[in-house]
Amino acid sequence: MKTTLLNLATLFLLVALSACSDKNDPDPVISGEFKCTVESLSFPIGGGDNVLTVMAPVKPEITVSESWVTVGATEVTGSQKNIYKITLSAAANPDGNDRKAIATVKAGPDSAEVELLQSAKPILEADAASVAEAEKTFKAEGGVGSVRLTYNLDYEVNATASWITIDNTRALESATVIFTVTPNTSTSARSASIVISPVGNNDVNPLTVTISQEAGESQALLGMNAKQIAADMHAGINIGNTMEVPGGETGWGNPAVNERYIQGLKDAGFNAVRVPCAWDSHIIDQSTHTVDPAWLNRVSEVVGWIVSRDMYAIVNIHWDGGWLEENVNEESKDKVIPKQRALWTQIASHLAGYNERLLFAGTNEPYQGKRDQMTAKEMAVLLEYEQVFIDAVRATGGNNASRTLIFQGPATDINKTQELMTAFPTDNAEGRLMAEIHYYDPWNFCGLEKDESWGKMAFFWGAGHHVAGSDRNATWGEEDYMKEQFDKMKKQFVDNGIPVIIGEYGAIVTNPAGLKTEDKAANMASRAYFDKCVSQFGKERGLVPFLWDTGEIFDRSNGSVKNTEIVNAIMEGSEAGKYPF
């Protein structure tokens, strides 16, 4: 029995060993679920890590098709230790092309592919040679330049000054920014920038190209004194609510001044333009009252558009936050005088190259808000401020030595001026001064926007323009009054060899509250007639009228006339009026 059992056990062992060594038998089957949790992974442009999670019965093997991706550490998790977290690391994308790689995952007989994606590096680059060429200083007469770009994103191009215009030509991946530099009519060099900015991508810095231009040459003098200039001024107009806006010329709703608008003024018959200007909000160093050169360049640009058309331009320091206008008193002199001198030294120096077609006005409406408080004492202070203006301009020399300068009556009010201005500023240039007043009488017709306790709005003014039975007819300040007021200024200034600028006038309310629809035509006719009378009666007495317009008479974008009735009336009055000099 023992021998038999031993032999049987040996036989079974041999059979078993023979079966395990059979080369034709398949490998053992690995059982269990295999799964990649994603089909693709995206990497940031700058490179970084991503984790690929794989469920597998055995540790998976990972290979990648491109060298910009590397396989890092593997972490095993899960209750059955069958979750594998494999770190994949991408290098930064060095160029402007999207790229892709494939990660192949194998676990025993199972496999899967995962797409690895990386976006292109955003590119907005300027060719260095073209930038160097563009940044060479342009001659005063201007010219055309260009900057070549390489890009793979959207961008925009802007110039920081309007004397540089942009023409951007794009191809699929490259572009040429062509720009034009206009002639520099100022005697000061200038500079500005072309800024090329990515749109919708904060990871790319804007490109800045600095454009410089030489100073222009001084214009030849025309040899004209104040009376000759006044006699040549046919009709004047203001660019109101624009360049005198604190902080920027578009702040009160008007577009930036452009050449088409200036040409439109000339085409309509105006040959003199008052350019009210703010300066205080453009000061970049309060300790020295230094004005931003970009603003000086901008004012010069507008003046250049005017003067180049044989028109006259008046540049002033307008209300400007009231630093001078509200401080015509002894207590303020020590602060006001240094600032007045510093500002006019800079303004005159920067604009010195223009001939006599450019005039300077030292203030605007000094002490207008406190006009009832003005006495001979305040008048003496105003004369000091105006003398500082004249002396500062003359000290800059060149064309400024003989430029016509304009001083203002107190509050530019005719009655206050007649009463208080018994002396005038002095000037070492003979016959180069003008005086300035403004005219908005009667105010309840010219500017009142609602009825007040002291008076009601008047809608109708002048002989033949009253509406029968209406309580909105003007009750004072009509033709005879206007003539009497202008006669005062003729006697005080014109008869003493000093022409007078009516720096502002107009009936400026276009649609007063309470005006009936059927009366609108009569109201407009009254306004036009008022402007005609100022134009005619003023010129007949040696007063040069400048209409106050804030955009209701002319389209500021293209210079077209929006109110022909007003313009026609002014031209009619300007033709009828003849200066006494």
Side-chain angles (χ1 to χ4, degrees), residues 237-242 244-245 251-254 268 276 319 364-365 368-372 411-415 437-486 502-538 545-556 560-573:
I237 192 168
N238 280 268
I239 306 177
N241 285 10
T242 306
E244 82 275 27
V245 178
W252 289 349
N254 276 315
W319 175 73
N364 174 50
E365 293 177 340
Q368 170 68 26
K370 302 176 182 177
R371 58 197 295 177
D372 294 337
T412 55
D413 177 83
I414 289 176
N415 293 331
I437 52 89
H438 295 173
Y439 193 76
Y440 291 112
D441 286 340
W443 181 248
N444 59 339
F445 171 71
C446 293
L448 196 62
E449 297 184 25
K450 62 184 181 66
D451 292 340
E452 299 288 354
S453 58
W454 53 265
K456 298 173 64 174
M457 288 185 292
F459 300 157
F460 315 110
W461 184 94
H465 292 277
H466 285 197
V467 173
S470 175
D471 62 351
R472 297 294 184 175
N473 294 315
T475 57
W476 71 281
E478 297 189 288
E479 295 96 331
D480 288 344
Y481 175 87
M482 182 185 290
K483 292 176 183 178
E484 291 170 1
Q485 292 295 91
F486 292 171
I502 305 177
E504 298 178 17
Y505 77 92
I508 59 178
V509 178
T510 55
N511 191 18
L515 178 64
K516 299 176 182 177
T517 301
E518 61 268 25
D519 289 335
K520 287 184 177 181
N523 172 249
M524 181 59 68
S526 290
R527 295 176 65 235
Y529 178 64
F530 176 89
D531 293 341
K532 174 184 179 294
C533 289
V534 174
S535 300
Q536 179 177 343
F537 300 162
F546 283 74
L547 178 73
W548 180 256
D549 178 39
T550 61
E552 65 169 332
I553 309 299
F554 282 87
D555 187 312
R556 292 293 185 83
S560 62
V561 177
K562 294 167 66 176
N563 193 314
T564 55
E565 189 169 0
I566 295 293
V567 171
N568 289 343
I570 292 171
M571 294 306 146
E572 184 180 344

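Reckoned from all heavy atoms, side chains included, excluding hydrogens, waters and symmetry mates. Every value quoted in this text rests on a predicted model; they were computed, and no experiment measured them.
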Whether the Y439 and Q485 side chains hold a donor-acceptor pair (N or O, under 3.5 Å, no angle test) is what I'd like checked.
no

Here the gap from N563 atom CG to F554 atom CZ, rounded to the nearest 0.5 Å, amounts to 9.5 Å

Going by ring-ring contact (aromatic ring centres under 6.0 Å, His included), name the residues that satisfy it together with F460, two or more places apart in sequence or in a different chain.
none

Say you draw a straight line from CG of N444 to OG1 of T475; how long is it, rounded to the nearest 0.5 Å?
6.5 Å

Knowing that exactly one of D549, V561, D531 qualifies, which makes a side chain to side chain contact (heavy atoms under 4.5 Å, CB included) with I566?
D531

Test of understanding: with ring-ring contact (aromatic ring centres under 6.0 Å, His included), list the residues that count as partners of H465, not counting sequence neighbours.
Y529

Residues at least two apart in sequence or cross-chain that pass side-chain hydrogen bond (donor to acceptor under 3.5 Å, both in side chains) with E565, listed by chain then number, are none

Over 12 non-hydrogen atoms of neighbours within 6.0 angstrom of NZ in K562:
yes

Test salt bridge (charged side-chain N to carboxylate O under 4.0 Å, His left out) applied to E244 - qualifying residues, sequence neighbours left out
none

Whether the side chain of D413 engages the backbone of N415 through a donor-acceptor N/O pair (distance < 3.5 Å, no angle test) should be reported.
yes

Which residues share a side chain to side chain contact (heavy atoms under 4.5 Å, CB included) with N254, sequence neighbours left out
N241, T242, R556

Evaluate side chain to side chain contact (heavy atoms under 4.5 Å, CB included) for T412 paired with N364, printing each intermediate quantity in order.
CA-CA 8 Å; T412 55; N364 174 50; 5.9 Å; no

Would you please name every residue forming a ring-ring contact (aromatic ring centres under 6.0 Å, His included) with W252, sequence neighbours left out?
none

Once side-chain hydrogen bond (donor to acceptor under 3.5 Å, both in side chains) is applied, do any residues pair with T564, and if so which ones, sequence neighbours excluded?
none

Work out which heavy atom in R371 is nearest to a heavy atom in A411; give both atom names and the distance.
CB-CB, 3.9 Å

Among all residues two or more places apart in sequence or in another chain, which pass the ring-ring contact (aromatic ring centres under 6.0 Å, His included) test with F459?
none

How long is the gap from CD on E504 to SG on C446, to the nearest 0.5 Å?
12.0 Å

How about N238 and L547: do any of their side-chain heavy atoms sit closer than 4.5 Å?
no

Can you name the side-chain hydrogen bond (donor to acceptor under 3.5 Å, both in side chains) partners of K520, sequence neighbours left out?
none

What heavy-atom pair brings W461 and P442 nearest, and what distance separates the two atoms?
NE1-CD, 3.6 Å

Applied to residues 465-481, the salt bridge (Lys or Arg N to Asp or Glu O under 4.0 Å) test, sequence neighbours excluded, yields D451-R472, K456-D471

Could you give the distance from CG (N523) to CE (M457), rounded to the nearest 0.5 Å?
10.0 Å

Just how far is it from atom OH of Y481 to atom CZ of F537, taken to the nearest 0.5 Å?
14.5 Å

On a heavy-atom basis, the closest approach of P276 and I239 is CD-O, 3.5 Å

With sequence neighbours left out, the residues meeting salt bridge (charged side-chain N to carboxylate O under 4.0 Å, His left out) with D441 are none

So do the side chains of R527 and F445 get within less than 4.5 Å of each other, counting heavy atoms only?
yes

Residues passing the side-chain hydrogen bond (donor to acceptor under 3.5 Å, both in side chains) test with S526, sequence neighbours excluded, are none

Less than 4.5 Å apart, any side-chain heavy atom of D519 and any of S470?
no

Main chain of A458, side chain of N473: is a donor-acceptor contact present, judged purely on distance under 3.5 Å?
no

State, yes or no, whether a side-chain contact exists between Y505 and W548 at a heavy-atom distance under 4.5 Å.
no

